Amino acid sequence: MYILLGVVVAIPLFWDVVSQRIEVTRDVKGVYNTIENIPQDKIAILSIIWGAGTSAENRPQTQAIARHLFSRGIRIIVLPFDLQGTKLSYDAVEEVAKDMGKEYGKDWISTGWRPAYLDQIIQGMAGDLPATLKTDINGTKLDNFDKLPLMRGVKSARDIGIVVDFTPAGTISSWISFMGQTKNVPIAFSPTSVEVPAGYNLLDAKQICGMLPGLMGAAKYETLLNHRGFACRSSNALSTSHLLIIVLIIIGNLGYFFSIRAKNIQRR
Amino acid sequence: MQHLNLTVFLLEGIIVFLILYKILSARAGRKLFIRRIAGLSAIDEAVGRATEMGRPMLYSTGINGLDIITLQSLSILSHIIKITAKYRARIIVPVGDPVLFTIAEETARDAYEAEGVPEAFNPDDIRFLSGDQFAYASGVVGILNREKVSSAFYFGAFYAESLILAENGQQVGAIQVAGTPSITQIPFFIAACDYTIIGDEYYAASAYLTKEPTLLGSLVGQDYAKAIVLAMIVLGIAATTLLAISTFPALELPLLRFTEAFRG
Amino acid sequence: MATFFIPLQGTSLYLHIAGAIILGLLCLFALTKVPNKWRKPIVIGITFVAGWFYLVEFIIPSSNSMSPVRSSTIAAERLIRTSAHDLKVISERESRSSGNNDQRLARVRTSLNGAIIKLKVAESGLNEQKPIVDRQLEAELRRVASFKKTNNLSDKMVEFRELEEDFIKARNISSDLIITGGPKPKVVSSRQAKNIINWSESIYKASDDINEAILRIEETQAALRGRDADYEHLVAALTVGYTVTVIENGKPVIKQIPGATDAVANARRGTLDNFLTPYKEVIANLLVVVGSFAFGLGLYNLLKFHGKAIVKKQPGWYSGLAFYIAVFAMAMLGLLKTYADAPGVKNLTKTLYDITFSGGLTALQSTMFSLVAFYIVSAAYRSFRIKSGEAVIMMVAAFVVMLATVPVGMAMTQGLPAGSPFRLETIGDWILTVPNMAAQRGMQFGISVGGLAMALRIWLSLERGSFFDKQM
């Protein structure tokens, strides 16, 4: 069973033969529309809670959002709270930045790892962002505008156009509580598939502007951007694996029914 | 006030008052009823199984640090260890946070002392594995397989590692009881565990196990609070619907005030 | 010794750290000497005070000087929302060509006039604060200049200069600076200096927000005097705001125009700091320090446990050896990568670090998470059995949602017209956003109330069980 799953997932990843149409849902469109309407003088914060474990889902999401933000000329601050995620997110965003001709320090920065005391850091950032975060990943002070011209005019929550939380955990509530509800900053939720059902409550209550549900959310976003990246290619692997699970459940239930029938016949 | 508005402030006050009032009335001697929770009733069965098979048990507190969820988990751990101490069974407690590790060790030591068998406490059975999610999961999986545990308890905050733990427990043949307030992990535990504690049954667990009047009173107060929340939901639905269809201007302003009351 | 807004460094920093450690040890020692009957009340008292801080800071209002601003902005927001609601009803009625809107329009005009009056009251409250905060800023600037001169600092201290630039920026925001003789400048700590700057910015930004809200209301009033008011646009202007595209330097630029209620809410929220707010940062830093110490305890436990396994050659002792090698290798590589100066050593350690961290650890972590996929298959195959009617419903819903989220499922019903309710993705979306959300919300309410009750019991020391009612 495990080998079958491995084969069924691997084949579409290696042979990208079928390009299937992906319907974009309103949760993904919500994020897209919000980013489309961000004023150019505001910045975007990408909150990185993911690490190597969930990089298969969160990395394509990060890259899709970064690509859109770069295309709109919105400055990006990458804010990692995970040790592995610091390097992984830096590499991910750098890949997109190089592809789009964007420069570190001018168009985007990474602040380096922060210990995961989200509530305290977010509250501090809402009032005074440079004083709370202090330096970037290379140790350069955030108010050194010569090296980091991106930070010019960035002081508090008022200067933030959107926060996108890429997370495999339930950290979105901290962003909503201290940045979304109190400072009116649009918050987008970009969880792994496991956390997606909980996101619909927030979407309905308009506490988040939109959601990228797992790897398919990244695929839908790439569709909106007309860019066929890793997420779109992986959607075929998702299709085959879901079909396999459905087939196995049907087979399991058929076996169950036949065994019950056999027991009933034996009893008679 | 930072983000509270007056309505939420009053509502919180009423809820707090109800909880405290019920705690005090329970302490004054009033008998309170709590329904049977299958998963918690199965704890005795699980400990008995471990004793018969001569294999250890495992108790996982999740990967969160010291917070409300893990404090509740420690309450349940204390109860389980007291039963374990009676049967002289062995329980391994892997912990995912260094602050929590010291408190879990203290809790376990106190539980053994309370049962009069302090010599049965083995500090090596309370282990800090790692703060990292999957490093913790792989550590617990290793313990499950090496020690061939007979019973596994998962009480705490879990994320993606929940299915890894539960499936491995299933594969070694352990009887598994899980309880978590993480809503998104409950389906995985239901699929792989024998008993699952859902939603606020997790917070009712300590009251159920100890039958302590304070905790039972708090549980009844919580139920009253939930009734108030339900009433507010029904009133809110009615008010919003009336506001949408109403043609009486005199009725509109009060309805509008009511529906705006919860806005921050 | 004067403690200025220059961050501690060098000898004074280490002296402060040593002093804090000694003070902590003295407190612990004092606690052990306290008689038994007083220990529990002391712990209960400390628990209560610690919880009290955040609760009180959250609840208590800002100073009395901000009270007219707070009450006026709340009243103004209420009036603006009433107007927005009335305009929305007018818009709906006009589209249905039903009802007489004159009475409602009159109410809108009255509400908007009332809102402007309230906002002007709030504005005057803020204008009273501006000279006060300007004087504080000016006093700080004089003290900075005097400190520089006395200590002959000139350009030596970079952080000093940066803070001075903040002061100058803050001073320049004010339009009518009042320089008075004032009292003799006194020495203040760095936190007070930062608080003065932040408070000054809050006052001026709140004033800007209120002006923005007044502008939106005046635009709405002007539009209503005309013949063809776009009511939907006016509702947006009064509530969530709207975007406009302007041409700047030959390029189209999107500008966000804030809605009146949002601007008023921002003005109110920006002036809510009370006397406890500046200390939140101190408490937050304390938490980080305690957590860092606790990490050392956890590491000590691991070293002890695995060390014992190796020494006594217990079963699986080689795992302990692997642990020791991994811990010390990664620690050494990390330290050398950061602090080594010799280029050869630095390059070698960076390569080894990349191999072990990016190559080894990252790959292992990804592998662990990918196990979830395999376990989902085995769990689904083993446990999803149709044993009852509810199980049938659950199975159908699971199949629909699984297919709706992947392209192959979308392809199955792509022949149906776009927006058709029978498309798999539409049905899947309905399942997730209606029954799933209802169930999740219900559970979340219960869990949240349970969490609140437990937090209350711990804060008031009413919790029972485990270590809560042990003897101290």
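Just so you know, these numbers come straight off a predicted model, no measurement behind them. Each chain gets a letter, A, B and so on, in the order its sequence line appears, and its residues count up from 1.
Taking 4.5 Å as the limit, every side-chain heavy atom of B:D200 sits out of range of all side-chain heavy atoms of C:M443. Proximity of B:E252 to C:R107: side-chain heavy atoms (C-beta onward) are separated by under 4.5 Å at one or more points. Residues C:M368 and B:Q133 are not in side-chain contact: their nearest non-hydrogen atoms beyond the backbone lie 4.5 Å or more apart.
When heavy atoms are compared at a cutoff of 4.5 Å, C:L452 approaches chain B solely by way of its side chain, counted from C-beta outward. Contacts between B:I15 and chain C at a heavy-atom distance below 4.5 Å involve the side chain alone, from C-beta outward. Heavy atoms closer than 4.5 Å to chain B are found in the side chain of C:L460, but not in its backbone. Only the side chain of C:L456 comes within contact range of chain B, with heavy atoms under 4.5 Å apart. Looking at C:K308, the atoms closer than 4.5 Å to chain B (heavy atoms on both sides) all sit in the side chain, from C-beta outward. Looking at C:R382, only its side chain comes within 4.5 Å of chain B, counting heavy atoms on both sides. For B:V16, the parts sitting under 4.5 Å from any heavy atom of chain C are the backbone and the side chain alike.
Listed by chain and residue number, B:R55 satisfy the side chain to side chain contact (heavy atoms under 4.5 Å, CB included) test with B:K148 (two or more places apart in sequence, or in another chain).
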Should B:I233 and C:F445 be marked as a side chain to side chain contact (heavy atoms under 4.5 Å, CB included) after you check the CA-CA gap, both sets of side-chain angles, and the distance that decides it?
CA-CA 11 Å; B:I233 292 172; C:F445 274 124; 3.6 Å; yes
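With chain C as partner, the option from B:G142, B:G199, B:S130 having the largest number of non-hydrogen pairs under 4.5 angstrom is B:G199. Considering only heavy-atom pairs separated by less than 4.5 Å from chain C, the leading option among B:S138, B:A225, B:A204, B:A137 is B:S138.
Between B:N168 and C:Y375, the shortest heavy-atom contact is ND2-OH, 3.0 Å.
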